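The structure presented is a predicted model; accordingly, all values stated were derived computationally and were not measured.
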There are 2 protein chains.
Amino acid sequence: MTTQAVPGTLRSRRIARSRQRLVEIALPAFAERGYDAVTVDWLCEQAEVSRRSFFRYFDGKEDLALTPLNDVWRTLIGELDDVLAGSGPLLTVLGEALIDVVEHMPPGWEHLAVLSARLSGRYPGVDAAGMLTCERFTEHVVGAIVARLDGAPGADLSARVVCAVAVAGHRAAVDTWCSAPDAGTTATREDLAALLRATLAAVPGALEIRLP
Amino acid sequence: MTTQAVPGTLRSRRIARSRQRLVEIALPAFAERGYDAVTVDWLCEQAEVSRRSFFRYFDGKEDLALTPLNDVWRTLIGELDDVLAGSGPLLTVLGEALIDVVEHMPPGWEHLAVLSARLSGRYPGVDAAGMLTCERFTEHVVGAIVARLDGAPGADLSARVVCAVAVAGHRAAVDTWCSAPDAGTTATREDLAALLRATLAAVPGALEIRLP
DNA sequence: ACCGAACTGGCACTCACTGGCACTTGGCAT
DNA sequence: ATGCCAAGTGCCAGTGAGTGCCAGTTCGGT
């Protein structure tokens, strides 16, 4: 997906290019003609990739549609060991790492991410797949935290709750970010980073909300 | 689903019975032979319901698999207006309402709910569908809260975060509840209610967790 | 008893996704 | 350079979920 500093083997670059091509064809097509109206067959034809390979590159159509957003969480999972080496409140640590990852996505990421986020809002099936990725992130964090704070009672639940809050904050920020009519062309990752910062900062107070 | 005090029309009771029959055939079958190995065709044959009607009764195979757990959230959504008439911290209000709903599910609910929960743990697709239902609950709460606290800045985010926490607590409680090997026969709704109470009480402290 | 509306079942169809198999090709040791 | 091997690929045929359509039935109010 990313153009690596170390390019990797010839093969893996071919795969990465095919994946990238599929995403770049798919997301605008989904936005224009609707998610259901664009078939995997058509996408494969356009990208000159066989149907069989499509399903080797992606977990499914929904995974393809969410590639830009999922890449954020997958990157974060990959960096978890480094991230959790930090200190301070877990929510702060995870939040800053999330923002850092967003700021370091490859060039052009924002345009595709906006399309992906809008798709997620319009199609429940796509949304559900996105939540699954976040859930996988949560499981990684829970596993790592339990291992690190070995034996601490409730570490499990704490990690789960913090992740839930981080994910909810992320979803809220992305919603706002992608809902400006011209977001497709003008939204920047810095905008999203700022929204994430604001959202996550507001979280502790948010829990206090009372009914009159 | 529930045996109503007011039985409703003949028609609606026939439908409810067909739905119930499908759920009672499906969940044990899923547990025994695996979710994928049990086809909708087979289920329809067993329950003597046409394939076409199946998809009129349920949103899909996953909806069927999650009926017991989804019913909790759907009931809660139905009672939202009453629930939000209460006062105090939103998290407490929602938590108590959730526990109340669980305690008033129809007889026999617990056995099917355990099967449903285990299925959700084993099959990501099913899990994702469950998260969608929770998301729908969140949207209802957000809508209602924004309407009630008209104009309060951040009410939107607050409601979202509280729901995320409530849902995470619920998931954690249900996970624990259904993972005892003999839960299928011995788990009671009171057990689950107690777990929910404990989990939700622990949440405020959970957010404070720090890395060393 | 009758009429209209709601519900039903069957059929044919689309499309996502999978397993199997033979073939190609890039990576690597020699 | 060469030749071997595993990883990756294309094609095909199959499965099963989900949907649109339509003709027939059944329920509920009048």
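The nearest whole Å value for the distance from the CZ atom in A/R14 to the P atom in C/dT24 is 15 Å. One interatomic measurement links the two molecules: CZ of B/F55 to C1' of C/dC7, which rounds to 18 Å at whole-angstrom precision. Distance B/R52 CZ to C/dA12 C1': 12 Å, rounded to the nearest Å. For the pair B/D41 CG and C/dG10 P, the computed distance is 12 Å after rounding to whole Å. One interatomic measurement links the two molecules: CG of A/D59 to P of C/dA16, which rounds to 16 Å at whole-angstrom precision. Rounded to whole Å, atom P of C/dC7 lies 16 Å from atom CZ of B/R17. Atom pair A/F30:CZ and C/dA16:C1' shows a separation of 12 Å (rounding to whole Å applied). Between the CD1 atom of B/I15 and the C1' atom of C/dG9 there is a distance of 14 Å, rounded to whole Å.
Picking from C/dC17, C/dG10, C/dT18 the nucleotide with the shortest atom distance to the side chain of A/R51 gives C/dC17.
Counting distance only, with no hydrogens placed and no angle test, the side-chain atoms of A/R13 and the base atoms of C/dG26 include no donor-acceptor pair under 3.5 Å.
Note that the first and last nucleotides of DNA chain D, 5' to 3', having any atom under 4.0 angstrom from a heavy atom of chain B are D/dG16 to D/dG28.
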Residues B/D63, B/R74; criterion salt bridge (Lys or Arg N to Asp or Glu O under 4.0 Å); working and verdict: CA-CA 12 Å; B/D63 181 39; B/R74 286 194 275 250; 3.5 Å; yes

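Geometrically, A/K61 engages A/Y35 in a cation-pi contact, judged by NZ or CZ lying under 6.0 Å from the ring centre and within 45° of the ring axis. Remark: A/R33 qualifies as a cation-pi partner of A/W42 under the 6.0 Å distance and 45° angle criteria applied to the six-membered ring.
Between B/W73 and B/H170, the ring-plane angle classifies as perpendicular under the 30° and 60° cut-offs.
Side chains of A/T185 and A/D182: no donor on one and acceptor on the other come within 3.5 Å. Looking at A/T67 and A/N70, their side chains never bring a donor and an acceptor atom within 3.5 Å of each other.
The residue among A/R56 and A/D36 whose nearest nucleotide of DNA chain C lies closer to the 5′ end is A/D36.
Pairing each heavy atom of B/A117 with each of B/V174, the nearest pair is CB-CG1, 3.5 Å.
Counting any heavy atom pair closer than 4.0 Å across all strands shown, A/Y57 reaches sugar-phosphate atoms only and no base atom.
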